Colleague: 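The structure under discussion is supplied below as structure tokens; questions concerning it will follow.
These numbers were taken from a predicted model, which means no experiment stands behind them. We name chains A, B, ... by the order of the sequence lines, and we start the count at 1 in each one.
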Protein chains: 2
Amino acid sequence: MCHISNEMALVKNKKTKDGAEKKIVDAARKLFTEKGYDAVKTRDIAKEAGINLALLNYYFRSKENLFEIIMKENMGRFMEVITGIVNNEETSLEKKIEMLVANYIEILSVNPDMPLFVISNAKIDDHRMKLREKFLGSYFMKQIQQAMKAGKIADINPASLMLNIVGLTIFPFVARRMFQSSNGLTHEAFNELMQERKKMIPKWIEAMLKVK
Amino acid sequence: MCHISNEMALVKNKKTKDGAEKKIVDAARKLFTEKGYDAVKTRDIAKEAGINLALLNYYFRSKENLFEIIMKENMGRFMEVITGIVNNEETSLEKKIEMLVANYIEILSVNPDMPLFVISNAKIDDHRMKLREKFLGSYFMKQIQQAMKAGKIADINPASLMLNIVGLTIFPFVARRMFQSSNGLTHEAFNELMQERKKMIPKWIEAMLKVK
DNA sequence: GTCTATAACCTGATAGAC
DNA sequence: GTCTATCAGGTTATAGAC
């Protein structure tokens, strides 16, 4: 993508980035993802980043701006993964479902608060609408429709199928806090459960696809 | 339920309640449920209720107090329904699943923002932990375990089964805003979709319960 | 670039008139 | 009971020194 001779310049321009700017973004990502926009104060971010409040505004001009950056980051990661899997013309239907589930769970195990962040932040409304289009306009959907015509799977509303795959996979993360209370599931037990579901969900989906 | 002669007294005691107090609660319910605790300002509630800010504090003393009332309202409705269904010793496993799904969807169709409210409000942490216990300690779970022993259904982690039922049912409401954008699903189409799912989810669950 | 100090604004809650 | 006015504290953002 770029010549070796350019790399030094790149490093010089963008710096190695363990400076204040990166510290602030890291702190913002952590706090916003955990608690949402309103609950996080710019002072919290500055403190978490170990820098001064004024510096945050020097780099990012406003709280809203900083939030926007984190949000795009989060949405982007998800979208990339989905798009890659869902438009691959080489893989089978079964493989796609398996990959979707596995990749979601992989990403979310590292960043379990992300779904709640995406879903519950009113500020996101503009950005998050593309998931549906990405799914419904994909090669994956073509495969589904072909299989339905061939009688290999039962008729199902595409939106419902999408809700089933995404719901079975993501819902546990969304509702995670309801089960991880003091006397509830430990962090380890939750992850174990999700690893188990990673194997089962594709099988469950297949079974569902045979129901008339 | 109550004698006609009592009705006048009731009206006198509790008032007809289209006074300020009810207006405030109604406004608070709407806004809190839609946007969450932090995003809603007491001024917003007062404005929505068409009364003055001071009156809100006169009746409810604090924002937190008012929130608590709404929350108990929301949690209460859900809990009642679940408890009733899940501990009924007369109904079959299949019937219970069907009733859980149908009742959830019924309640949520009227109040579609409720799940997001419950799930995403950090303030609720104390109250919401009982769902898991209610489920896992129920007669419903006994039936599941019996059926598993009898080989009628495949072995499944009880927590996973619960996540499947609740997830398939509730997730669409949680993620609703992602699909109901300008060029997305209309309100009517969404409700139609959920009515369809009301029929299908019990069948899907049954199919899943046969997967090894 | 980074800091301290402070301006400008927002928000929950109360005092006090009616 | 209901209102206007206002307080006390918090919060975002900026000015200005270094």
Side-chain angles (χ1 to χ4, degrees), chain A residues 9-72 117 120-124, chain B residues 10-72 117 120-125:
Chain A
L10 202 98
V11 172
K12 256 193 183 168
N13 282 336
K14 297 198 109 189
K15 284 176 194 155
T16 8
K17 284 264 198 179
D18 55 49
E21 195 173 350
K22 177 165 165 46
K23 274 191 216 155
I24 295 170
V25 175
D26 286 343
R29 174 170 36 248
K30 185 187 165 197
L31 294 180
F32 277 141
T33 307
E34 232 169 57
K35 305 187 189 177
Y37 183 82
D38 288 303
V40 174
K41 309 303 168 191
T42 49
R43 277 171 168 76
D44 302 337
I45 301 175
K47 197 179 174 188
E48 172 81 25
I51 54 93
N52 188 277
L53 175 58
L55 207 56
L56 188 152
N57 282 295
Y58 169 74
Y59 278 117
F60 300 98
R61 225 180 52 86
S62 78
K63 180 188 179 185
E64 192 136 359
N65 232 315
L66 185 51
F67 180 80
E68 193 82 0
I69 288 169
I70 304 301
M71 206 204 42
K72 278 184 183 152
F117 171 84
S120 70
N121 261 294
K123 286 227 165 282
I124 302 190
Chain B
L10 202 97
V11 170
K12 254 192 185 171
N13 281 336
K14 298 198 110 193
K15 287 178 192 155
T16 6
K17 283 267 197 179
D18 54 50
E21 195 172 350
K22 176 162 165 47
K23 274 191 215 156
I24 294 169
V25 175
D26 286 344
R29 173 169 37 248
K30 184 186 165 199
L31 294 179
F32 278 141
T33 308
E34 233 170 57
K35 305 186 188 179
Y37 184 82
D38 287 307
V40 173
K41 310 302 167 191
T42 49
R43 279 171 170 77
D44 303 337
I45 300 174
K47 196 179 173 188
E48 173 81 25
I51 54 93
N52 189 277
L53 176 58
L55 206 57
L56 188 150
N57 281 296
Y58 169 76
Y59 278 118
F60 300 98
R61 229 181 48 87
S62 77
K63 180 186 179 183
E64 193 137 358
N65 232 316
L66 185 50
F67 181 80
E68 194 80 1
I69 288 169
I70 304 300
M71 206 205 41
K72 277 183 184 149
F117 172 84
S120 70
N121 263 298
K123 287 230 164 278
I124 302 189
D125 279 345

Colleague: In whole Å, what is the span from the CG atom of Asp38(B) to the C1' atom of dG12(C)?
Modeller: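 About 13 Å, once rounded to whole Å.
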Colleague: What's the CD1-P distance between Ile24(B) and dA13(C), to the nearest Å?
Modeller: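 Ile24(B) atom CD1 is separated from dA13(C) atom P by 13 Å.
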Colleague: Report the distance from atom NZ of Lys35(A) to atom P of dT11(D), rounded to the nearest whole Å.
Modeller: 12 Å
Colleague: Roughly, in whole Å, what's the span from CD in Glu64(B) to P in dA13(C)?
Modeller: 8 Å
Colleague: With DNA chain D as reference, determine whether Tyr58(A) or Lys41(A) sits nearer its 5' end, using the nearest nucleotide of each.
Modeller: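 Result: Lys41(A).
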Colleague: Round to the nearest Å and state the distance from Lys63(B) atom NZ to dG9(D) atom P.
Modeller: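 Rounded to whole Å, this separation is 19 Å.
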Colleague: Which of the following nucleotides, dT2(C), dC3(C), dG12(C), is nearest to the side chain of Asn52(A)?
Modeller: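 When the side chain of Asn52(A) is considered, dC3(C) is the closest of dT2(C), dC3(C), dG12(C).
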Colleague: Can you check the Leu53(B) CG to dG1(D) P distance for me, whole Å?
Modeller: 19 Å
Colleague: With heavy atoms under 4.0 Å as the rule, sort Arg61(A) into base, sugar-phosphate or nothing.
Modeller: sugar-phosphate
Colleague: So, Asp44(B) and Lys47(B), do they make that salt bridge, N to O below 4.0 Å?
Modeller: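 The answer is no: the pair does not qualify as a salt bridge.
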Colleague: Can you tell me if the side-chain N/O atoms of Thr42(A) get under 4.0 Å from OP1 or OP2 in dT11(D)?
Modeller: no
Colleague: With a distance cut-off below 6.0 Å to the six-membered ring centre and an angular limit of 45° from the axis, does Lys63(A) pair with Tyr37(A) as a cation-pi contact?
Modeller: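 Yes - Lys63(A) lies over the ring of Tyr37(A), closer than 6.0 Å to its centre and within 45° of its axis.
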Colleague: To the nearest angstrom, how far is Lys47(B) atom NZ from dC3(D) atom C1'?
Modeller: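 Taking atom C1' of dC3(D) as the reference, NZ of Lys47(B) is at 18 Å.
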Colleague: Among dT2(C), dT4(C), dT4(D), which nucleotide has an atom closest to any side-chain atom of Ala54(A)?
Modeller: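 The answer is dT4(C), which lies nearest to the side chain.
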Colleague: Could you measure the distance from the CD1 atom of Ile45(B) to the CD1 atom of Ile70(B)? Nearest 0.5 Å is fine.
Modeller: 8.0 Å
Colleague: Using atom NZ of Lys22(A) as one end and atom C1' of dG1(C) as the other, report the distance to the nearest whole Å.
Modeller: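 Distance check: Lys22(A) NZ to dG1(C) C1' gives 19 Å.
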Colleague: Could you check whether atom NZ of Lys30(A) has more than 12 heavy atoms from other residues, nucleotides or ligands sitting under 6.0 Å from it?
Modeller: no
Colleague: Can you tell which of dT2(D), dC3(D), dT2(C) lies closest to the side chain of Ile51(B)?
Modeller: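 Of the options given, the side chain of Ile51(B) lies nearest dC3(D).
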Colleague: Within the structure, does a side-chain N or O atom of Asn57(B) lie under 4.0 Å from either OP1 or OP2 of dG12(C)?
Modeller: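 No, Asn57(B) has no side-chain N/O under 4.0 Å of OP1/OP2 on dG12(C).
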Colleague: According to the interplanar angle, ranging from 0 to 90°, do the rings of Phe117(B) and Phe67(B) count as parallel (below 30°), tilted (30 to 60°) or perpendicular (above 60°)?
Modeller: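 Taking Phe67(B) first and then Phe117(B), their aromatic rings sit tilted (interplane angle of 30° to 60°).
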Colleague: Would you classify Leu56(B) as touching base, sugar-phosphate or nothing, given that sugar-phosphate means primed atoms plus P, OP1 and OP2, and contacts are heavy atoms under 4.0 Å?
Modeller: nothing
